[in-house]
Amino acid sequence: MAIFVQPPCDEAVIRWRAAAAPCPKASGPWILAATILGSSMAFIDGTVVNVALPALQQSLNATVVDVQWVVEAYSLLLSAFLLLGGSLGDRYGRRRIFILGVAIFSLASLWCGFARNIHELIFARAVQGAGGALLVPGSLAIISASFREEDRGRAIGTWSGFTAITAAIGPVMGGWLIEQVSWRAVFFINVPLAAIVLVISALRVPESRDENQKERPDWVGAALATIGLGSLVYGLIESSRLSFGHPAVLAALIGGSFFLIMFLLVETRVRNPMLPVGLFRSRDFTGANLLTLFLYSALGGTLFFLPLNLIQVQGYTATAAGAALLPFILIMFLLSRWSGGLVERYGGKLPLVFGPTISAMGFALFIVPAVGANYWSTFFPATVVLGLGMAISVAPLTTTVMNAVPRNRVGVASGINNAVSRVAGLLAIAVLGIVMFDVFNRSLDSRLSSLELPPAARRSLESQRISLAAEKIPGEIASPTREVIKEAINESFVRGFRHVMLVGAALALASSIASLLLINGGDKSPDR
């Protein structure tokens, strides 16, 4: 759930100008073990937490807006500091920053597991995202710096294969832990993994840094991006609770837009920008990132609501919900090599037009399931078509991004594309939440209007709207009426879910149009 498909294979963060000498071959397996396990913590966390959302919503008496923040707090810090994390590794030592990231991530995971209320959990998730922004870039940067050129491709392939496996088993394992232990176990599982990574990294992973990296990290850019994105997301999410006319929402939206504009202005003037805007002079690079923004908005925003539908409305167990997207992951994994060859045969443009179009069909198929829908005849076909569309899209997207810039800028270019994909999901969850709440409320109002309910019971139902399908029916309502109300809540959620998926399909089509209009292949941006 909330499957995050890495664009450019996270080569985003590989620093190809690594100055350190390759490590002895005997250290290779240890380096791979540390980087694979370290990355797996972030990938497992990204795929498992959404499966846990219904359980922690019930356990911590949280609203859907609250659980949005559980996801968004992590994504915000990860998105804002991802590029900075790679730069810090180059300057201060890749192993050192990687170890620091693992330590922060594991301590924050422990904090998440022991969180006493939803607000404490949200804050801990933000710290966890900051740790992820240090360890995610570090994993592939260490591989790039530690392996000889002739061995690097095989090492990265090994890393990719094992991290794909963790992404596949993560939701199923997480669902089982939620059922058998607690949602808290989803976070505690990171602690023993982190201990192993820290020991291996300290004893077996060599240090490396870019000796030519003399510029200071772009702290101002990182701060402006964090404040801007955070304010914008706050305004979008809280508008569902407070309305768009609320002074706090208006101030957040206006302030967030202002800080993001300032971020772009600063990035054109600093000597070592976190976001080199000159790269966007390439039509291919601009088109690839616009595609990423639309397609990953669709993916991240829609799949946030899928486990809520499966568990709270369709009645799936957490394990079954965790396994629901396994076909998606397996198709991505099995077809990745084939899709990589599409660029050589047809060029980058054709797959990047047809892949997102097929993905749009997959999103549209998610409109079909009603309450009580059979998985194999409804959710499964949608998952397969979506997986096929994404499989066709991801590898050509990688190649297009890499080919759009000079060779010495591929690490930065891919890092930008990775950050765009994460920001896309961050914003989409907030925006599609507005769509879901609006449709849900209007549908439920229509369905409940004909029922004769006690005033106190009606007020109770009104106050819980923000919990969506987890809304609790007041105890004083008689059994037959309770069933009618529950059916109304479930049907209203499904109606909102269908609108969300319709928006996802439109976004995927928009990404296809962006490819058609902008991507042609071959133009290089100036080496800024």
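Everything quoted here is computed from the prediction, not taken from an experiment.
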To the nearest 0.5 Å, atom CD1 of Ile489 lies from atom CZ of Phe440 at 6.0 Å
Reported CG-to-CD1 distance for the pair Leu352 and Ile519, which is rounded to 0.5 angstrom:
5.0 Å
Enter the distance from Ile392:CD1 to Trp338:CH2 here, rounded to the nearest 0.5 Å.
4.5 Å
Taken in chain and number order and not counting sequence neighbours, the residues that satisfy side chain to side chain donor-acceptor pair (under 3.5 Å) with Ser109 are Gln128, Asn190
Does any donor atom in the side chain of Asn289 or Thr292 lie under 3.5 Å from an acceptor atom in the other side chain?
no
Backbone of Phe305 reached by a side-chain donor or acceptor of Asn309 within 3.5 Å:
no
Report the relative orientation of the aromatic rings in Phe366 and Phe379; use parallel for angles under 30°, tilted for 30 to 60°, perpendicular for over 60°.
tilted
Rounded to the nearest 0.5 Å, what separates atom CG in Asn50 from atom CD1 in Ile429?
6.5 Å
Where Val494 and Val313 come nearest, the two heavy atoms and their spacing
CG2-CG1, 3.9 Å
Sub-3.5 Å donor-acceptor pair from the side chain of Glu72 to the main-chain atoms of Val233, do we have one?
no
With under 30° as parallel and over 60° as perpendicular, where do the rings of Trp183 and Phe187 fit, or are they tilted in between?
perpendicular
Would you check, one step at a time, whether the test side chain to side chain contact (heavy atoms under 4.5 Å, CB included) holds for Leu303 with Leu325?
CA-CA 10 Å; Leu303 297 189; Leu325 279 181; 3.9 Å; yes
Looking at Phe354, I want to see if its CZ is surrounded by more than 12 non-hydrogen atoms of other residues, nucleotides or ligands under 6.0 Å.
no
How close do Gly389 and Ser393 get, counting heavy atoms only, and between which atoms?
O-OG, 2.8 Å
When rounded to the nearest 0.5 angstrom, what is the spacing between CG in Asp284 and CG in Leu291?
11.5 Å
Which atom names give the shortest non-hydrogen contact between Val67 and Ala62, and what distance separates them?
CG1-CB, 4.3 Å
Grab the two heavy atoms, one from Ala321 and one from Ile311, that are nearest each other, plus how far apart they are.
CB-CG1, 3.7 Å
I want to check something: taking the side chain as every heavy atom from C-beta on, are Met41 and Val102 in contact at a cut-off of under 4.5 Å?
yes
Rounded distance (nearest 0.5 Å) linking atom OG1 of Thr35 with atom CG of Leu135
11.0 Å
For Gln57 and Asp66, which I'm curious about, is there any donor-acceptor pair between the side chains at under 3.5 Å?
no
Note: Leu253 and Leu232 closest approach over all heavy atoms is CD2-O, 3.8 Å
One pair to check against side chain to side chain contact (heavy atoms under 4.5 Å, CB included): Val65 and Gln68. What are the steps and the verdict?
CA-CA 5 Å; Val65 168; Gln68 278 182 288; 3.9 Å; yes
Which atom names give the shortest non-hydrogen contact between Ala298 and Gly504, and what distance separates them?
CB-O, 3.3 Å
Return yes when atom CZ of Arg495 has more than 12 non-hydrogen atoms of other residues, nucleotides or ligands closer than 6.0 Å, and no otherwise.
no
Which label fits Tyr74 and Phe105: parallel for a plane angle under 30°, tilted from 30 to 60°, or perpendicular past 60°?
perpendicular
